[in-house]
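In this chain, numbering begins with 1 at the start of the sequence shown. Treat the numbers as computed from the prediction; the structure is a model and nothing was measured.
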Amino acid sequence: MRCRQVFTLRRIDGLPADEVAEKLGITLNAVAKHVRIAVRHCHARLQDDADA
């Protein structure tokens, strides 16, 4: 759930990482980590769809 929040705020809403971190009460490193995880998840889902 946190990955989705971070990804949405960063990539969809376009907020800077420091604003996301402040809004959610997490560190900048955590923001970066959650975005990486979310991007990997999206990539994996796209691969699954391509293989089907």
Side-chain angles (χ1 to χ4, degrees):
M1 186 68 167
R2 181 55 57 104
C3 286
R4 177 182 282 187
Q5 285 180 306
V6 172
F7 184 80
T8 300
L9 290 170
R10 276 293 283 144
R11 299 296 174 113
I12 308 300
D13 297 340
L15 292 179
D18 59 335
E19 285 186 38
V20 174
E22 184 177 331
K23 182 178 182 97
L24 298 178
I26 60 177
T27 66
L28 285 173
N29 285 340
V31 170
K33 179 187 88 167
H34 287 302
V35 169
R36 281 193 309 273
I37 292 168
V39 168
R40 276 191 233 131
H41 179 76
C42 290
H43 180 73
R45 289 301 308 236
L46 289 171
Q47 288 298 103
D48 290 345
D49 288 346
D51 294 339

Q: Mind checking what makes side chain to side chain contact (heavy atoms under 4.5 Å, CB included) contact with Arg36, not counting sequence neighbours?
A: Ala32, Lys33, Arg40
Q: Establish whether Val20 and Val39 are linked, either directly or via other cluster members, by ILVMFWY side-chain heavy-atom contacts under 4.5 Å.
A: yes
Q: For Glu22, is the CD atom crowded, meaning more than 12 foreign heavy atoms sit under 6.0 Å from it?
A: no
Q: Please tell me if the side chains of Ile37 and Phe7 come closer than 4.5 Å, counting only heavy atoms from C-beta onward.
A: no
Q: How close do Leu24 and Arg2 get, counting heavy atoms only, and between which atoms?
A: O-NH1, 3.6 Å
Q: Supply the atom-to-atom distance Asn29 CG to Thr27 OG1, rounded to the nearest 0.5 angstrom.
A: 5.0 Å
Q: Looking at Gln5, Arg11, Arg4, which one forms a side chain to side chain contact (heavy atoms under 4.5 Å, CB included) with Thr8?
A: Arg4
Q: To check you understand the geometry: which heavy-atom pair defines the closest contact between Ala38 and Cys3, and what is its length?
A: CB-O, 4.2 Å
Q: Answer yes or no: is there a side-chain heavy-atom contact under 4.5 Å between Ile26 and His34?
A: yes
Q: Pick one: which of Arg45, His41, Gln47 meets side chain to side chain contact (heavy atoms under 4.5 Å, CB included) with His43?
A: Gln47
Q: Would you compute the distance between atom CG of Leu46 and atom CG of Asp51 and round it to the nearest 0.5 angstrom?
A: 11.0 Å
Q: Do you know which two heavy atoms are closest between Val31 and Val6, and how far apart they sit?
A: O-CG1, 3.6 Å
